[in-house]
Amino acid sequence: MALISNFQKAKDTYRKHAVVQAKMAKKLISEIYLNIQNNFDVIFEIGSGTGLLTDEIAENLKYNHLLLNDITENFTHIKPDRYYQGNILDTKIEDKNIDLVLSSAVFQWIKDKEKLFLKLSSIIKDGGILAFTTFGCKNFNQIKDITGFGLNYESPENIEEKLNGASFKILYFEEELETLYFEDVKKILEHIKYTGVGTGAGYFWTKQKYEIFKDKYLKNFSDKNGVELTYHPVYFICKKD
């Protein structure tokens, strides 16, 4: 429930501050266009949020039907053929034989990826495509290094194993490191807040904790460019065998 509340609160600030997520959405669609095709009957996006990926789909891919899903109401500017509201693991998907399932910067929140990939395999047609981005273990490494808290990101090897177990073959994989620079530590925490993400489940701030955190952050993760925060985007494009 806390995650839903965070994203609802950030719906008006997400697009302005989610600069890395926007790049990820553009790159994912570009790689699909270059490596797969650009003519689909049904496209299904998981975790549509405020529509960063949805806009890229609408502007760059050819399709007949668009399905969207998110845990909140539809905050995109696009009206899909069908909107599935709810956690993808618990939501009954009536549509089957889907050509392309897409998701960007969402799957890191889903702990049971084995269940996720098996479910997606059941709704994607044979030869259909699952394409997604998520984050690797170096994501927000500065914050985790200082606080000891953060999401437990799965390694690409673990993700590949679970994809293979759900009858997916990886066609394309890439990972990147993207470092943003801010003028101070407060701006970093505001950036994270405005994208609807937390610094780590179970970490509670006090004034004393913040001052210690700030001092350590400035000492270990700042230079002439500013105070750094690292993202670790990971890209997968898979085919259902």
Side-chain angles (χ1 to χ4, degrees), residues 1-15 18 21 24-25 28 42-57 65-124 128-136 139-140 149-154 158-159 161-163 165-168 192-203 233-236 238 240:
M1 294 300 292
L3 183 61
I4 297 175
S5 177
N6 286 344
F7 285 129
Q8 287 176 328
K9 290 177 181 177
K11 67 181 178 67
D12 296 323
T13 57
Y14 184 86
R15 279 180 170 263
Q21 291 88 339
M24 291 166 69
L28 183 64
V42 182
I43 294 179
F44 182 24
E45 182 190 351
I46 298 169
S48 52
T50 61
L52 285 179
L53 181 60
T54 318
D55 287 350
E56 294 296 325
I57 294 170
H65 304 284
L66 179 63
L67 316 174
L68 298 180
N69 152 264
D70 202 78
I71 55 176
T72 63
E73 61 188 281
N74 185 7
F75 290 135
T76 74
H77 302 293
I78 294 173
K79 184 177 180 179
D81 293 273
R82 193 194 301 267
Y83 189 81
Y84 290 100
Q85 183 174 346
N87 184 320
I88 187 62
L89 292 182
D90 303 322
T91 302
K92 182 179 179 181
I93 308 300
E94 298 177 9
D95 295 271
K96 308 293 181 183
N97 296 315
I98 297 171
D99 299 86
L100 173 63
V101 171
L102 288 164
S103 186
S104 190
V106 173
F107 285 0
Q108 69 274 9
W109 299 110
I110 301 176
K111 293 181 180 180
D112 194 345
K113 290 186 180 59
E114 184 175 10
K115 181 179 178 181
L116 171 67
F117 295 146
L118 286 170
K119 181 168 187 176
L120 297 182
S121 181
S122 72
I123 64 173
I124 296 175
I129 300 297
L130 168 62
F132 64 94
T133 76
T134 185
F135 292 106
N139 203 64
F140 290 4
F149 286 90
L151 288 180
N152 291 317
Y153 300 98
E154 287 196 58
N158 284 345
I159 293 176
E161 181 179 352
K162 292 173 181 179
L163 284 166
S167 300
F168 287 108
I192 294 171
K193 176 183 177 181
Y194 292 149
T195 56
V197 183
T199 54
Y203 195 81
V234 179
Y235 302 81
F236 284 92
C238 316
K240 180 185 172 184

Do [X] and [Y] come close enough that some side-chain heavy atom pair is under 4.5 Å?
{"X": "Phe236", "Y": "Thr133", "result": "no"}
{"X": "Thr134", "Y": "Ile159", "result": "yes"}
{"X": "Asp95", "Y": "Ile123", "result": "no"}
{"X": "Glu154", "Y": "Lys162", "result": "yes"}
{"X": "Asn69", "Y": "Leu67", "result": "no"}
{"X": "Phe44", "Y": "Ile88", "result": "yes"}
{"X": "Ile46", "Y": "Phe107", "result": "yes"}
{"X": "Ser104", "Y": "Phe132", "result": "no"}

[atom2] on [Y] to [atom1] on [X], rounded to 0.5 Å:
{"X": "Cys238", "Y": "Leu120", "atom1": "SG", "atom2": "CG", "result": "10.5 Å"}
{"X": "Leu151", "Y": "Lys111", "atom1": "CG", "atom2": "NZ", "result": "8.5 Å"}
{"X": "Leu53", "Y": "Glu45", "atom1": "CG", "atom2": "CD", "result": "4.0 Å"}
{"X": "Ile124", "Y": "Leu100", "atom1": "CD1", "atom2": "CG", "result": "8.0 Å"}
{"X": "Ile110", "Y": "Asp112", "atom1": "CD1", "atom2": "CG", "result": "9.5 Å"}
{"X": "Leu89", "Y": "Lys113", "atom1": "CG", "atom2": "NZ", "result": "10.0 Å"}

Quiz item: Run the side chain to side chain contact (heavy atoms under 4.5 Å, CB included) check on Val42 and Asn97 step by step: do they pass?
Solution: CA-CA 8 Å; Val42 182; Asn97 296 315; over 6 Å; no
Mind listing the closest non-hydrogen atom pair of [X] and [Y] along with its distance?
{"X": "Phe135", "Y": "Ala105", "answer": "CE1-CB, 3.8 Å"}
{"X": "Pro80", "Y": "Ile78", "answer": "CD-O, 3.3 Å"}
{"X": "Ala166", "Y": "Ser121", "answer": "O-OG, 2.9 Å"}
{"X": "Lys92", "Y": "Tyr84", "answer": "O-CE2, 3.4 Å"}
{"X": "Lys115", "Y": "Asp90", "answer": "NZ-OD1, 4.3 Å"}

Quiz item: So, does Lys240 use its side chain to make a donor-acceptor pair with the main chain of Ser122 at under 3.5 Å?
Solution: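 Here the side-chain-to-backbone pair does not exist.
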Quiz item: After noting the C-alpha distance and the side-chain angles of Arg82 and Glu94, does the key distance pass the side chain to side chain contact (heavy atoms under 4.5 Å, CB included) rule?
Solution: CA-CA 10 Å; Arg82 193 194 301 267; Glu94 298 177 9; 3.2 Å; yes
Quiz item: In this structure, are over 12 heavy atoms from other groups packed under 6.0 Å from Glu161 atom CD?
Solution: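 Result for CD/Glu161: open.
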Quiz item: Are there more than 12 heavy atoms of other residues, nucleotides or ligands under 6.0 Å from atom NZ of Lys96?
Solution: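 Yes - once you tally the heavy atoms of other residues, nucleotides and ligands closer than 6.0 Å, there are more than 12.
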Quiz item: Looking just at side-chain N and O atoms, do Tyr83 and Asp70 make a donor-acceptor pair shorter than 3.5 Å?
Solution: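 Short answer, no.
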Self-check item: Leu68 vs Thr76, side chain to side chain contact (heavy atoms under 4.5 Å, CB included): CA-CA, chis, key distance, verdict
Solution: CA-CA 9 Å; Leu68 298 180; Thr76 74; 3.9 Å; yes
Practice problem: With side chain to side chain contact (heavy atoms under 4.5 Å, CB included) as the test, would you mind laying out the steps for Asp99 and Ile43 before giving the verdict? | Solution: CA-CA 6 Å; Asp99 299 86; Ile43 294 179; 5.9 Å; no
